[in-house]
Number of protein chains: 2
Amino acid sequence: MAQGQNRSEHTHGLLFLTDEQLRKGIEAMFFAYRGFTADPDRILAEKSYGRAHHRALHFIQRSPGTTVNNLLSTLGVTKQSLNRVLRTLIDDGLVLNAVGTKDKRERHLSLTDAGRELEQALSNAQRDRMRTAYRQAGAEAVYGFCTVLEAMMDPDLKKHYDQLISGETV
Amino acid sequence: MAQGQNRSEHTHGLLFLTDEQLRKGIEAMFFAYRGFTADPDRILAEKSYGRAHHRALHFIQRSPGTTVNNLLSTLGVTKQSLNRVLRTLIDDGLVLNAVGTKDKRERHLSLTDAGRELEQALSNAQRDRMRTAYRQAGAEAVYGFCTVLEAMMDPDLKKHYDQLISGETV
DNA sequence: ATAATATGTCAGTGTTGTTGACATTCCAAG
DNA sequence: CTTGGAATGTCAACAACACTGACATATTAT
């Protein structure tokens, strides 16, 4: 076999990619995402919540005081779908729903102590796996990992991502 | 602020990772996975199929002649769930269901021409995005990407992944 | 013969997404 | 001040896709 035929390499500045290499990445995404959600899923199952609840808790924790509309566009679901989830979280005392001070139509969402507690438990489980994977792979791999993921996002979703990330190291 | 406080670095051979760095990875996974499935989802919606159909087509294409049991453990769903999907694919003439030659209890699954056609359309859409992301990120990033994803998988799922990947460059 | 395996199927349930319709509340423009 | 539109909440119906449990049927292994 010819050298480099099955390897990534630069040809005229362009990465040479076989279908098999791309398939490998596709399958890696599939299997890795399962691992990515496995640990929180176990905790959620105990409390009879689902992934949708986790996502809501996560992004409310991330942007306390965010509005429903904002959360809707971040999560990319319909308001009816989100409302069902928020309803249970509010009724269960995990999320606070405060009428806006400036614009009283808006509702500002935040976590209660109980909400923070559950969110922490879920996040810790997910971060533990992430940390292990990162350490196993090394710093350079982590950098590449994030770079490819960012390049894979839809531009609209990337805006939300950038917005969340930008507030980090202020 | 102290130098390197917010950066990945090696400390006594261990990667130093802040919660924010880990959160960034978690959010990157979330948003990237949405992009990852967006293109096939559009094609599937036209034919009133779902992601479950895509996954079945993908892994049957990947391992032609595979058995139902094998596919079940790869996908990690119940046989009832898989059966619903396979039933429609077989009835629609996309998948063949052949009685085993050695063991007649087994059913060997493969794609028909029509099945291959749809699987190709789905794969092409997904690979196009993957290829663009890979080229944008560069070869080193791609290597890191795969390394982290592999480290994130559950050991049981990783076996399936390794098995699929190993047959690639034979 | 009997047990185990591989598959298929029926019925019921739950989560999470969708559309469509409609009410309420509030801001802003005329 | 009225009217239009925006933000939110809620009701109902529906679909995809996962689950459990139970049961039937072939086939193979013991």
Side-chain angles (χ1 to χ4, degrees), chain A residues 30 33-34 37-38 40-60 65-92 95-109 122, chain B residues 30 33-34 37-38 40-60 65-92 95-110:
Chain A
F30 172 72
Y33 200 80
R34 293 258 299 275
T37 56
D41 280 355
R42 270 188 284 273
I43 297 172
L44 291 160
E46 288 169 20
K47 321 227 175 219
S48 63
Y49 286 139
R51 258 178 228 178
H53 300 87
H54 183 190
R55 289 196 283 266
L57 289 173
H58 176 98
F59 287 110
I60 293 171
T66 188
T67 64
V68 173
N69 243 8
N70 194 349
L71 195 54
L72 276 178
S73 65
T74 303
L75 293 171
V77 296
T78 58
K79 63 174 177 174
Q80 294 89 332
S81 201
L82 176 59
N83 191 257
R84 198 193 307 117
V85 169
L86 281 182
R87 190 75 268 141
T88 67
L89 291 175
I90 293 166
D91 290 349
D92 292 356
V95 167
L96 282 179
N97 200 12
V99 176
T101 45
K102 282 183 186 174
D103 187 335
K104 290 176 187 167
R105 288 170 302 181
E106 293 182 338
R107 303 301 143 94
H108 296 285
L109 303 166
L122 294 168
Chain B
F30 172 71
Y33 201 80
R34 292 256 301 276
T37 55
D41 280 356
R42 270 188 283 272
I43 298 172
L44 290 160
E46 289 170 18
K47 321 226 175 217
S48 62
Y49 286 138
R51 255 178 231 179
H53 300 88
H54 183 190
R55 289 196 283 266
L57 289 172
H58 176 99
F59 287 110
I60 293 172
T66 188
T67 64
V68 173
N69 248 2
N70 194 349
L71 194 55
L72 276 178
S73 64
T74 302
L75 292 172
V77 296
T78 58
K79 64 174 177 175
Q80 294 92 328
S81 202
L82 176 58
N83 191 258
R84 195 196 314 117
V85 169
L86 280 182
R87 192 74 270 142
T88 67
L89 291 175
I90 292 166
D91 290 350
D92 292 354
V95 167
L96 283 177
N97 201 11
V99 176
T101 46
K102 281 183 185 173
D103 188 333
K104 290 176 188 167
R105 287 171 303 183
E106 292 182 337
R107 301 300 142 92
H108 297 286
L109 303 166
S110 57

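Every chain is numbered from 1 and lettered A, B, ... according to where its sequence line falls, protein lines coming before strand lines. The structure displayed is predicted, hence computed values, not measured ones.
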Worksheet entry | End axis versus end axis in the helix from C:dA1-D:dT30 to C:dG30-D:dC1, the angle rounded to 10°, five pairs used at each terminus | 10°

Worksheet item: Base, sugar-phosphate alone, or nothing: which one does A:Asn97 contact when heavy atoms must sit under 4.0 Å apart?
Response: sugar-phosphate

Worksheet item: Taking only residues two or more places apart in sequence or in another chain, which ones pass salt bridge (Lys or Arg N to Asp or Glu O under 4.0 Å) with A:Asp103?
Response: A:Arg105

Worksheet item: Any side-chain donor paired with an acceptor under 3.5 Å for A:Thr88 and A:Asp92?
Response: no

Fill in: Side-chain donor/acceptor of B:Gln80 to base of C:dG12, under 3.5 Å
no

Discussion item. Whether the side chain of A:Arg105 and the base of C:dT25 hold a donor-acceptor pair under 3.5 Å is what I'd like checked.
Written reply: no

Worksheet item: Can you find a side-chain donor-acceptor pair between A:Arg107 and A:Thr67 that sits under 3.5 Å?
Response: no

Discussion item. Regarding A:Arg87, tell me which of base, sugar-phosphate or nothing describes its non-hydrogen contacts under 4.0 Å with the strands shown.
Written reply: sugar-phosphate

Worksheet, complete the sentence: Checking C:dG17, D:dC17, C:dA4 against the side chain of B:Arg84 (C-beta onward), the nearest is D:dC17

Worksheet entry | Neighbours of DNA chain C within residues 41-56 of chain B, by heavy-atom distance under 4.0 Å | none

Item to complete: Would you state whether a donor and an acceptor, one from the side chain of A:Lys104 and one from the base of C:dT25, lie under 3.5 Å apart?
Response: no

Discussion item. So that I know where these two stand, are B:Tyr33 and A:Phe30 an aromatic pair - ring centroids less than 6.0 Å apart?
Written reply: no

Worksheet item: Starting at the 5' end of DNA chain D, which residue's closest nucleotide do you reach first, B:Leu82 or A:Leu72?
Response: A:Leu72

